[in-house]
Amino acid sequence: MATSLANEIRERLIAMVRDRYGIELSEVVVEVPPQRELGDLAFPLAFDLAKRLKATTGQKSNPRELAVTLAAGLEGIAGVARVEIAGPGFLNVFFDRSGFFSTMVLADRKAGGRGESGKLIVEHTSINPNKAAHIGHVRNAVLGDTTSRILKATGERVEVHNYIDNTGVQVADVVVGFLHLEKRTLDEIRVLAERPATTRSESFDYYCWDLYARVGAWYEEDRERLAVRARTLHEIEQGGNATAEAAEYISTKIVDCHLATMARLDIGYDLLARESEILHLHFWAHAFEKLKASGAIVFETEGRNKGCWVMKAEEGAATVESEHDADKIIVRSNGTVTYTGKDIAYHLWKLGKLGLDFYYRFLRHDHRGREVWVTTPDESIASPVHPPFGNGTAFLNVIDVGQSYPQANVKKGVMMIDHDERVARSAHLAYEKVTLTPAAAAELGMEISETDAQRQQIGMSGRKGLGVKADDLIDRLEEDAGREIHARHPEIDAATRAKIANQIAVAALRYFLLKYTRTSIIAFDFREALSFDGETGPYLQYSTVRARNIFRKLGRERAELCEAFARCTRDQIEAFFAGEAGIEIWSLIHFAGRLDEVLRLAASGFEPTHLAKYAFQLAKQFNLFYHQHHILSEPDETRRTLLLMVADIVRRTLEESLSILGIETPELM
RNA sequence: GCUCCCGUAGCUCAGUCGGAUAGAGCAUCUGCCUUCUAAGCAGGGGGUCGCAAGUUCGAGUCUUGCCGGGAGUACCA
């Protein structure tokens with residue numbers, strides 16, 4: 001809302017400085033003054049200008065005097081009421097508040113999917129399909145999903161992929177568990193997987209969670225058993241045998257479980273891209289030729305990496321005394337390809353630069369009724385008609401920070417084949433792990449080793465079966481929320497209660513994971529994660545529900561209110577914003593007008609936290625307003641209309657912010 | 001060794017491109033439900049922004065060097 005005005009002023013200032021001082025400014029800093037009394041926008045330009053003038057002319061100039069000159073040039077801009085000079089030389093702009101308010105009242109912002117810049121491919125979730133999802137996986141999914149929503153809200157076209165590593169070591173481990181530890185046949189696994197689960201712990205992904213831990217222990221007992229894993233992995237990669245069939249069945253079932261878990265959090269995907277297809281459709285062979293042809297990789301004939309195809313490190317990289325080689329091996333001396341190699345192939349495909357495509361099969365409609373597609377190696381069962389997947393302008397991968405090194409190599413490899421600015425936009429959205437506090441680990445009934453007890457935090461470990469399972473946590477949140485709703489609204493039916501309980505649980509969990517920046521480690525604490533008070537998702541919902549209730553109680557249409565608003569005069573609105581209380585109300589509207597600015601900030605840094613914090617601040621300011629002004633009992637008709645329009649602006653802004661955060665507003669709380 | 005991340009109130013964390021008096025939640029203490037919902041609001045106490053230099057009108061923010069914690073640096077992913 002305020003951004004177009006800020007841009008206009010910026011243009012004006014740049015032109016003025018060019019004409020008057022012959023200085024070409026590339027950037028003009030705009031900020032919001034700490035108090036509304038100081039103004040609505042601040043330009044600390046005079047300080048910078050004084051410095052530049054000294055550099056060019058050698059003469060000292062007073063920033064305050066420069067500010068006076070600049071201020072004079074800002075007269076006559078529509079939407080600007082006046083300009084003041086403050087402090088040592090800040091140029092503070094005051095909006096035409098009445099005009100701004102009117103624009104906000106009538107604004108009907110719809111995120112327009114322009115997509116002019118092409119399509120962004122966001123990959124997230126990508127959980128190894130061999131066990132139940134835990135809280136760390138949920139952090140990934142929530143970050144990816146929210147980032148996608150933010151990008152869409154800023155007008156980008158986004159395609160969401162969930163990469164399924166169905167031929168990896170982790171899948172091989174549960175296959176080993178079923179086939180070698182438990183000695184089950186595929187039919188017996190089917191019976192187990194498809195039995196109706198009456199409790200959470202009977203579900204297939206929970207069973208595999210435990211089995212995976214048992215397999216880890218089984219290897220520990222006798223390291224020779226790792227040969228079983230190697231053989232199993234090889235059979236899975238080969239395909240066309242009983243082991244591969246079991247792996248296919250198990251991983252597909254677990255993916256179903258993951259999709260169900262994510263659906264509870266309102267997270268969905270456009271495409272499930274499976275590693276088995278990358279293997280069997282020979283993506284790597286194509287990529288290999290391209291890498292060789294471009295000189296991105298070279299064959300080593302001597303030294304430590306003799307017999308390998310490697311991607312050379314940059315000149316000057318530290319090689320002295322290094323225990324490790326800076327060069328990255330892409331093809332091992334035994335001829336097999338590393339993960340980095342396979343991933344380069346996959347990412348070339350994402351950008352439409354591989355010259356090969358998957359086959360696609362419609363999988364199902366998700367919880368929102370959207371189509372979910374999955375890759376398939378088999379042309380005969382593939383759908384001839386499908387959405388246009390891939391051919392993105394950039395890829396954005398939500399992967400934990402521990403994989404920064406391979407991710408950097410993947411991007412480097414892709415860039416060496418085709419280094420246009422589109423690839424350069426691609427990024428690894430690295431996030432830190434979710435760890436457990438020793439208290440949380442103890443609450444989960446885990447035995448804590450001596451060394452772990454010394455630490456501040458304990459890493460979750462799928463291999464050890466150590467972690468907070470996503471469904472368990474959501475269950476607990478839903479139970480708590482359901483109990484709370486029942487206490488407040490005993491009259492509502494069970495189905496409605498369950499729905500609202502889910503909405504509250506989702507809000508609590510999503511906000512909990514988004515209130516930390518990506519680079520901050522979350523030390524998981526039950527009390528904090530299960531809280532509905534203070535800086536939490538439910539607080540945001542509660543504030544929004546309150547705002548909505550005003551209008552429900554009022555029982556009038558928005559159009560009717562807008563008509564009443566149109567009858568208010570400019571003087572009446574100016575008077576409304578006068579005085580201390582008036583400035584606070586103006587402050588609230590001003591803040592609500594900053595959503596676009598916040599979205600752009602969150603989108604450019606791929607940092608959803610900014611939006612989460614903004615929504616919280618807005619809710620907080622609204623609650624203050626709510627307590628100070630009892631709208632429905634306001635006797636003055638004009639004032640009541642104006643207060644209603646303020647509440648309406650904030651309600652709409654909150655609803656939109658929450659929606660982008662993936663949080664719904666319950667009908668009651 | 002090298003690379004990256006983190007260090008801000010008792011605890012958990014925000015802090016935009018270097019801007020005006022460093023914020024929030026939790027915890028703690030004191031008030032506020034006859035009102036559009038108390039999952040709320042107001043107020044109090046609580047700070048060497050890890051340490052030390054530097055850059056400048058101005059540094060939590062930028063540079064360098066230390067200290068402490070974490071991660072990576074595989075013919076694993």
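Each chain gets a letter, A, B and so on, in the order the sequences are listed, and its residues count up from 1. Please read these numbers as outputs of a predicted model, since none were measured by experiment.
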Convert the base pairs of RNA chain B into dot-bracket notation, remembering that pairs crossing earlier ones are written with [ ] and that bases paired across to another strand are shown as |; include only Watson-Crick or G-U pairs under 3.5 Å. (((((((..((((.....[...)))).(((((.......))))).....(((((..]....))))))))))))....
In this structure, is the centre-to-centre distance between the rings of His610(A) and Tyr614(A) below 6.0 Å?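 No, the ring of Tyr614(A) stays outside the 6.0 Å limit from the ring of His610(A), centre to centre.
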Listing time: all N or O pairs from protein to nucleotides 43-46 of chain B that are below 3.5 Å?
none

Describe the nucleic acid contact of Thr338(A) in one word from base, sugar-phosphate, nothing, applying a heavy-atom distance below 4.0 Å. sugar-phosphate
Close N/O contacts between protein and nucleotides 3-10 of chain B (under 3.5 Å):
{"from": "rC5(B)", "atom 1": "O2'", "to": "Thr519(A)", "atom 2": "O", "distance (Å)": "3.2"}

State whether [X] places a side-chain N or O below 4.0 Å from either non-bridging phosphate oxygen (OP1 or OP2) of [N].
X: Tyr539(A); N: rC41(B); value: yes
X: Lys620(A); N: rG25(B); value: yes
X: Arg64(A); N: rC57(B); value: no

Got a sec? Which of residues 43-53 of chain A come in under 4.0 Å of RNA chain B, heavy atoms? Pro44(A), Phe47(A), Lys51(A)
Could you state the CH2-P distance from Trp309(A) to rC75(B), rounded to the nearest angstrom?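 Rounded to the whole Å, the gap is 18 Å.
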In whole angstrom, what separates Asp343(A)'s CG from rA77(B)'s P? 10 Å
ring centroid sep under 5.5 Å plus plane angle under 30, Phe90(A) with rA20(B): yes
Which residue pairs satisfy the ring-ring contact (aromatic ring centres under 6.0 Å, His included) criterion with at least one member in residues 526-556 of chain A, sequence neighbours excluded? Phe524(A)-Phe526(A), Tyr539(A)-Phe616(A)
Taking only nitrogen or oxygen atoms into account, show me every contact under 3.5 Å that the protein makes with nucleotides 29-35 of chain B, one pair per line with its distance.
{"from": "rU35(B)", "atom 1": "O2'", "to": "His630(A)", "atom 2": "NE2", "distance (Å)": "3.4"}

